[in-house]
Amino acid sequence: MSPGDVGLFVRPPREQGVKWRKRRKARAGLPNLQPGTGFAAEGYCRRRFPTGGGKRYMELATRYEPQEAEAAIYALWLANHCFKATPDSRTPYCITIPPPNVTGALHMGHALNHTVMDTLGRWKRMLGFNVLILPGTDHAGIATQAVVEKKIRAEEKKTRHDLGREAFVEKVWEWKEEYGNKIVSQMQRLGASYDWDRLRFTMDESYVEAIHTVFEKLYTDGYIYIGERMVNWSPGFQSVISDIEIDNREEDGSLWHLRYPYSDGSGHIIVATSRPETMLGDTAVAVSPKDERYKAVLGKTITLPLVGREIPVLADDFVDPAFGTGAVKITPFHDPNDYEMGNRHGLERIEVIGPDAKMTAHAGAYAGLDRFEARKRIVADLEALGLVEKIEPYRHAVPYCDRSGAVIEPRPSSQWFCKMGGTEMVNTSIEVVRDGSIRFLPERYRELYLRWMENIRDWPISRQLWWGHRLPVWRKTDANPEEASSWVFARTKAEAEAKLASPDILQSDDVLDTWFSSALWPFATLGWPHTEADLNYYYPTSLLSTAQEILYLWVARMIMTGELFIGKKPFDDVYIHATVLDEHGRRMSKSKGNGIDPVELIDLYGADALRFALAREAGQRQDIRFKPVKAGKQEQVEQARNFANKIWNASRFVMMNLEGFEPSAAAPTPTTLVDRWILSRLATTVDAVNEGFATYNIDDASRALYEFFWSDFCDWYVEAAKPRFAAGDESAKTVLWFVLERALRLLHPILPHLTETLWQALPGAKEAAGCDFLMQAAFPQDLPYRDEAAEAEWEMVQEITVAIRNVQAVNNLKKGGEAFVAATNPDVLEGNRAIIEFLTRFTLVIGDGPSDGYLQPTRFGDVRLPRPEVTPEELATEKLRIESDLAKIELDLGVLNKRLDDPSFAERAPEAVVTKTRTQHAELLDKQSKLTERLGQLSTPSAQ
RNA sequence: GGACGGUUGGCGCAGCGGUAGCGCGUCUCCCUGACACGGAGAAGGUCACAGGUUCGAUCCCUGUACCGUCCACCA
């Protein structure tokens, strides 16, 4: 396949006698026409291009068809190893992409992030950097295990326990090999220029080595210990899960007010709880020490209803006297706060809800019941005893396990931890951000990071899952697993046997938190701990671009491990991209079902359109609103698609007119005004784009490109080129070719497929650039074409042109007559006569013109269009137009008068502002008097 | 509860101290030899609200309201 193959004619059949607008509306809902349906052969195309036969110029369809062009161009890049990166003498630029879950599918957040990374990567590559963008996927312990468990449950009616650990893990690997690379191919569809030969997976053999090496050091240096903490227990997985895997849902619940009788029979104390079933495990009631109401009852005991246990009433600062009744029941085993209070007061911990979320033997009569069933029974039994004071409706957050859907059960558990606060690892990670070695973009995230790091808590690193990196620690079978001293570090069983001097040993059943492995990503993917070449060259990497929600979980931990193991920061810049929200401004999520599938958008409009739509919003904002796909349409991407089509067609126009033109590598030296002007605008745009990319304001770069290409280049320059070609002016071709070629380079990082396709078809491009692909061409920088004089002079041509068009359109005049312009600078006008005449379809006459003509005063001279005959309707239209102009002028004059009438304005405002205001004032007065006079003429009968 | 962000024409966004801009949508005209996924015009905004600073505020400061994101153990 070569890029030329995309040339096909596409044109809807002509339907005689039907209004165009109607047909357009009728067509609006239809899918884009597929090429190759033979319209050309049936004579529907308006224009025939030279076909085949060794012609130099490609045939291009009248519409850009991304579907096949993108696949073709991507295949071409791959075939030519364009994304491959190996160390050389150039400056490196490296991004290790945030590895998505192997189970994952591309979502809008990914699409945005990959657009950012690939755009910046392509830009840097064109600037001459040695760019490596290293892709990979994450084994994603819980997520993947959940998917495979679900699959075997559905297909084989088995649980993972039926299979056993080894067989189950085998199944997960099989699943990963078969389905795990879906997201990789989706990234490729976006156009990602990543080095796919280096694709990494967090459970690759070499990656496991990295994990072992890291674990060993942390273990021997005393970072890793066994401790007991309150953890988030997922009854669904029978495992600890991390905070990020929790989905806190606001729910309407109840607050039960329970009467707890004093043991001495002196009445009762009322406690409020949202979880009455935990009362079976209560070992105290706490009140605030400052709470006067309860001063007297401190030291009393309570006989716990239904259980009969005697428990104390004690004082603790944690209790807020203002909440509920000011008295709190304490269940140390089942509530994080109560756990802390229990430790403070040395309370017994009684487990009444087991790991499977069923009531334990300690629950007495309720043993074996599900926790929610137990709740109902307990409440009913308490009510029967008259111990329920009242039940209040209560809205609160309930934590759910986002993978299994079970309500999280907090419980103390013996887990492996990694020490954080106060350690060298954490301190250096704070320092490296504080001293500015690592930059955060947008900057506001810097403070967030520092604040979090300064209050960091120890990191629970063990999980009771089967899929993941099994902890490389072993013990003798009969040793106590909760004693740290029972364990030794060993990579292999043999090593462990030697260390423990026994064949009767076991490896820990636990698996490492997935974030433990992704924390090593920037260096483990570059060959550490074995090979140094890539690491020495590409590390520290240049950019880490990611979502704000994993700032702590991932970004902070990469900094820590990078500092500790490599002795260097893992990256220079951290860019936190915006969160993509739905049309109502809510986060897109699976549970809300408000997500948009980026692949659907690519199918609909092409990857480049999606990229541009995202790029134009990718700045320093915290969020981006994205509208849903409705009836096969998505506004934002459609607009971007239209832009892509505009680029396509403008390029097509240029190529059609370049027959016989021999481009050269030399930069043009413009002489005519319009050439000087467009080159000046190009130079400005080049600066804006480089600036935008360099400062992570890709939105600014995108807007600059859009405006330049559509407004300046297409609407003015290309239009102005037409009469020049008609007049045989060959000088236009050099500039036209040059501007288009440079524009394609500028646009390439954001719209890679489209621009490469066009560039491949642009004659002379490869020779001039000295490379075979646009993605390898030099990115434009510092073009010497800034020309303020040209921009100012061209403004005259534009304003006169607009004035003539405006009078013509508003008064609905026939084109083709004469347009008189009393120009302030007749030479400029004369020099651009052909252009103005072509753009307006009026013959330009420089001079005053008939006094009764249609009048439009401008800063560059009055424009008058003669009015040969006039109907009353036309007269009314003109009067209306002038009156509305006058009304606007009056409004504006009011503003200026107010300012000029104030003496302190002239005194205190800068002189330039005062002068400018006076000039504007004078111009408005002049315009006003001219229009008033004209209006007067219209109102006197003689004018007709 | 804390932190952060937003509030500009019907919609999506720019502008961030000198009389409000773009695209879509709406209305009018137009297939004019690149493009109707287009061209030329038009209508449409007291820039959330209240104070303050300033000659002057959409823009700076303070507060309020609403929307939202992230973080967080208040029963």
Side-chain angles (χ1 to χ4, degrees), chain A residues 12 20-21 23-24 27 32 46-47 60 62-64 230 243 248 255 271-275 286 318-320 323-325 327-331 335-340 396-397 410 442 444-445 447-448 451-452 548-549 551-552 578-579 581 583-587 605 609 616-617 621-627 635-636 638-639 641-657 699-700 703 706-707 710-711 714-715 718-719 722 802 805-806 808-810 812 815 838-841 891-896 898-899 902-910 912-913 916-917 920:
Chain A
W20 281 98
R21 201 175 330 114
R23 294 219 277 115
R24 184 186 168 192
R27 220 186 304 133
N32 203 352
R46 188 162 37 176
R47 180 191 161 86
L60 299 173
T62 60
R63 278 186 190 181
Y64 174 53
M230 277 315 255
D243 294 346
N248 279 307
L255 196 60
V271 296
T273 178
S274 61
R275 301 196 56 196
F318 170 79
V319 180
D320 174 6
F323 188 90
T325 59
V328 191
K329 61 190 253 342
I330 306 296
T331 322
D335 182 278
N337 297 314
D338 297 3
Y339 174 82
E340 298 291 333
H396 61 142
R444 68 183 105 98
Y445 291 109
E447 277 306 309
L448 237 52
R451 215 177 307 151
W452 188 76
Q548 80 168 287
E549 66 195 283
L551 182 61
Y552 310 130
T579 308
L581 307 176
E583 60 183 327
H584 302 110
R586 290 169 317 188
R587 189 190 171 74
Y605 298 113
R616 74 189 310 182
E617 317 234 15
R621 281 158 62 196
Q622 193 172 76
D623 44 48
I624 292 175
R625 276 193 198 204
F626 221 74
K627 303 182 121 193
E635 258 178 52
Q636 284 138 302
E638 185 169 286
Q639 288 174 26
R641 187 275 315 267
N642 292 353
F643 181 48
N645 190 243
K646 191 72 179 176
I647 297 167
W648 177 264
N649 273 294
S651 306
R652 206 160 65 91
F653 170 84
V654 173
M655 290 188 228
M656 279 165 47
N657 285 285
D699 51 347
D700 290 345
R703 264 191 297 275
Y706 186 93
E707 255 181 62
W710 202 313
S711 308
C714 292
D715 290 348
V718 167
E719 288 307 308
K722 290 175 182 174
V802 168
R805 279 173 176 170
N806 184 282
Q808 182 276 326
V810 171
N812 219 341
K815 290 176 183 172
F838 177 79
L839 294 176
T840 60
R841 316 280 149 148
L891 232 66
D892 293 348
L893 275 174
V895 175
L896 295 183
K898 193 181 154 211
R899 205 185 293 170
D902 186 348
S904 49
F905 172 68
E907 260 169 56
R908 309 220 182 174
V913 174
K916 195 181 156 201
T917 310
Q920 285 174 337

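Order of the sequence lines sets the chain letters (A, B, ...), proteins ahead of strands, with each chain counted from 1.
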Look at the side chain of [X] and decide which nucleotide, out of [options], has an atom nearest to it.
X      : options             : result
A:K627 : B:A40, B:C11, B:A34 : B:C11
A:E617 : B:G18, B:C13, B:U19 : B:C13
A:R652 : B:C4, B:A75, B:A34  : B:A34
A:F318 : B:U69, B:A75, B:A42 : B:A75
A:W710 : B:G38, B:A40, B:A75 : B:G38
A:R444 : B:G5, B:G18, B:C74  : B:G5
A:N649 : B:C35, B:U19, B:A75 : B:C35
A:R625 : B:U69, B:G41, B:C67 : B:C67
A:E719 : B:A75, B:C71, B:A34 : B:A34
A:T273 : B:C70, B:A75, B:G18 : B:A75

Under 4.0 Å between a side-chain N/O of [X] and OP1 or OP2 of [N], yes or no?
X      : N     : value
A:K646 : B:C37 : no
A:R899 : B:U19 : yes
A:R621 : B:C13 : yes
A:N645 : B:G38 : no
A:R63  : B:C37 : yes
A:R587 : B:U69 : no
A:N806 : B:A42 : yes

Taking the [atom1] atom of each, how far is [N] from [M], in whole Å?
N     : M     : atom1 : value
B:A43 : B:C60 : P     : 30 Å
B:A50 : B:A65 : P     : 15 Å
B:G10 : B:A72 : P     : 40 Å
B:G15 : B:C47 : C1'   : 10 Å

Tell me whether the NZ or CZ atom of A:K646 lies within the 45° cone about the ring axis of A:Y706 and under 6.0 Å from its centre.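 So A:K646 doesn't make the cation-pi contact.
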State, to 0.1 Å, how close A:T840 and A:R805 come at their nearest heavy-atom pair, and which atoms those are.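 So the two residues come closest at CG2-CG, 4.4 Å.
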Ignoring hydrogens and angles, answer whether the base of B:G12 and the side-chain atoms of A:E583 contain a donor-acceptor pair closer than 3.5 Å.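 Donor-acceptor pair under 3.5 Å: no.
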For RNA chain B, what is the dot-bracket line, given that a base pair needs Watson-Crick (N1 to N3, plus N6-O4 or O6-N4) or G-U wobble (N1-O2 and O6-N3) geometry with both distances under 3.5 Å, and | means paired with another strand? ((((((((.[[[[.)..(..]]]].(((((.......))))).....[[[[[..)....]]]]])))))))....
Is a salt bridge present between A:R444 and A:E447, judged by a nitrogen-to-oxygen distance below 4.0 Å?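 A:E447 and A:R444: not salt-bridged.
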Polar side-chain atom of A:N649 near backbone of A:T62 as donor-acceptor pair, under 3.5 Å: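 Such a contact is found between A:N649 side chain and A:T62 backbone.
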Sidechain-backbone polar pair: A:N657 side chain, A:F653 backbone, donor-acceptor under 3.5 Å: yes
Supply the atom-to-atom distance A:E635 CD to A:R641 CZ, rounded to the nearest 0.5 angstrom.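 Rounded to the nearest 0.5 Å, the CD-CZ separation comes out at 12.5 Å.
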